[in-house]
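Inspection log for the structure reproduced underneath, given as structure tokens.
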Protein chains: 2
Amino acid sequence: MLKAERLQKIVEQIAKDNKVVLDDLSQLLNVSTDTVRRDIKELSDKGLLKAVRGGAIIGSPVHPHFKERQHIDTHHKKAIAQKVLEFIKPGQVILVGAGTTTTAAIYALPKDITLTVVTNSFPIVSILEDYPNVDVFFIGGQLNKHGFSTGGYETIEAIRNFRADICLFGICSIDLKLGITGADHEESLLDRAMIETSKYIIALSTYDKIGVSDPYYVCAANAIDALITEKDPSTADLDGFKHAGILIK
Amino acid sequence: MLKAERLQKIVEQIAKDNKVVLDDLSQLLNVSTDTVRRDIKELSDKGLLKAVRGGAIIGSPVHPHFKERQHIDTHHKKAIAQKVLEFIKPGQVILVGAGTTTTAAIYALPKDITLTVVTNSFPIVSILEDYPNVDVFFIGGQLNKHGFSTGGYETIEAIRNFRADICLFGICSIDLKLGITGADHEESLLDRAMIETSKYIIALSTYDKIGVSDPYYVCAANAIDALITEKDPSTADLDGFKHAGILIK
DNA sequence: ATGTATATTGCATAATATTGCAATATGAAA
DNA sequence: TTTCATATTGCAATATTATGCAATATACAT
């Protein structure tokens, strides 16, 4: 039986009974419980069900599309997420922008962490549902085109009411001279608002976004305190940023 | 039985009877009272109920995020949703409270309707993603325990910035003399804010919520303009409301 | 006060999860 | 085709969690 078939059957079962049991599936699908467990984890990552000890149960009534966790498993993003953890201390208030990179970082947080997360991203909210010690504050506003976050005037105004310890945001492009820039005007404004009201700014970026630029200006490169990429921080290419006083991780 | 199932069943019981008894659960779930006690403690830590000697009682209204519960009254809710449609006109701004009844009503909207929906409910946002002509405005704030809506000071403040044509909200209890009341203090405040800033108030209620009351006052019965239930509006029991100037559907 | 029911705690046992690893299968590029 | 990289799967060792039991403490009713 193909793996895809198995996953499908598991989803069907869930739809029918609201739950599946590990051992039952193992028998039904003729694979080891290990495999079933991995299947369930995969489906759980996609938000199609909720993995629990001994099996899985139906997830929340929120549309799976909302969870958009498909893209978070890339190698790069996991590496970045791991580095983010070094900066976050329990009890802090952390302002998190929308985007796949930040979502991946949040996804990598240990389940028992104590935090206050302020965000305008629906997928991030959805992830944090299972974190008992994380207070979530959602920033309202106009739903943006993709439906994964809010934006617009009210969102920016709401952000201005916070003074976060840390701001975590993914960047489109960063260049030492041209600063941080984005491809979307509205998002650039949001990012700027977030940066302006936070004490410590962490920018997340994959390596290919460094040294390039986009049309909309967000802030100067040295407005950020730390830059996290998936590469080794000792790479010579990043020396310029180090000299500008930015911590590279 | 999975532990997660047990926890769900306990929450369901609470939602139904407002209380659970240790020994009953022990029998029903086929586990020792120790285990039930631990389950209750866990749920109590999450704020889903209040543990008391010998069992547990309702903490605040339970969000029916378990499928079983959602299927209760589906029929009624569909009937209600159909009636709601008569009130909504294309192009209006409509403020929608969180809850299964309102969610059902939104779910019944025709896909091509042109509207602006303002809501603090994640499931409603998720439904409206597929509506190309619906502008969605999400009201931010503190995420509530169950993660399906926001609440608190900021949410109320944000609501005050709107002047909706229609306010749609589900009610816990309505009584001609005692007015509209709710089981959760915070939610009552939210409802009141919504009512105060809207031009036309539609209350949704299943028939069993009429003539009863809960601890927290929301508004006088005649503060609403229309009351929609699943029953025939000519039922004599509702005459009192009609005389108070409330349109019954 | 006294007895009974309920709670708490520590512990032993069993069930389940995680991790690393090796064998095999799959797929894409040379 | 051949070769190499990657994904999949099962297995074993280890860690974690869940559960019932017993001993002890606490609350409640009369």
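Below, read A as the first sequence line, B as the second, and so on, with proteins coming before strands; counting in each chain starts at 1. Source: prediction; values computed, not measured.
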Legend entry - Counterpart residues, salt bridge (charged side-chain N to carboxylate O under 4.0 Å, His left out), relative to A/D225 (two or more places apart): none

Inset, instruction - For the pair B/Y216 and B/H185, name the ring-plane relationship: parallel under 30°, tilted 30 to 60°, perpendicular over 60°. - result: tilted

For a quick test of your reading: what N or O donor-acceptor pairs under 3.5 Å do the side chains of residues 172-180 of chain B make, sequence neighbours left out?
residue	atom	partner	partner atom	Å
B/S173	OG	B/D214	OD2	2.4
B/D175	OD1	B/K177	N	3.0
B/D175	OD1	B/L178	N	3.0

Filtered N/O pairs between nucleotides 7-11 of chain C and protein, under 3.5 Å:
residue	atom	partner	partner atom	Å
C/dA7	OP1	B/V52	O	3.1
C/dA7	OP1	B/G54	N	2.1
C/dA7	OP2	B/R37	NE	2.8
C/dA7	OP2	B/R37	NH2	3.1

Inset, instruction - Grab the CG-C1' distance between B/L2 and C/dA17 for me, whole Å please. - result: 14 Å

Legend entry - Rounded (10°) bend between the five-pair end axes of the helix from C/dA1-D/dT30 to C/dA30-D/dT1: 40°

Inset, instruction - Please state how far atom CG in B/N30 lies from atom P in D/dT19, giving the value in whole angstrom units. - result: 12 Å

Inset, instruction - Measure from NZ on A/K3 to P on C/dT26 and round the result to the nearest Å. - result: 13 Å

Inset, instruction - Take atom CE of B/M1 and atom P of D/dG20, then tell me their distance rounded to the nearest Å. - result: 12 Å

Inset, instruction - For B/D45, check salt bridge (charged side-chain N to carboxylate O under 4.0 Å, His left out) against everything at least two apart and list the hits. - result: B/K41

Legend entry - Qualifying residues under side chain to side chain contact (heavy atoms under 4.5 Å, CB included), relative to B/Q142, sequence neighbours excluded: A/D135, A/F137

Legend entry - Interatomic distance where CD1 belongs to B/I40 and P belongs to C/dT6 [whole Å]: 12 Å

Inset, instruction - For the residue pair A/L109 and A/L115, establish whether any side-chain heavy-atom pair is separated by less than 4.5 Å. - result: yes

Legend entry - Pairwise side-chain contact, A/I246 with A/I224, heavy-atom cut-off 4.5 Å (strictly under): yes

Inset, instruction - Using a strict 4.0 Å threshold on nitrogen-to-oxygen distance, state whether B/E42 and B/K3 make a salt bridge. - result: yes

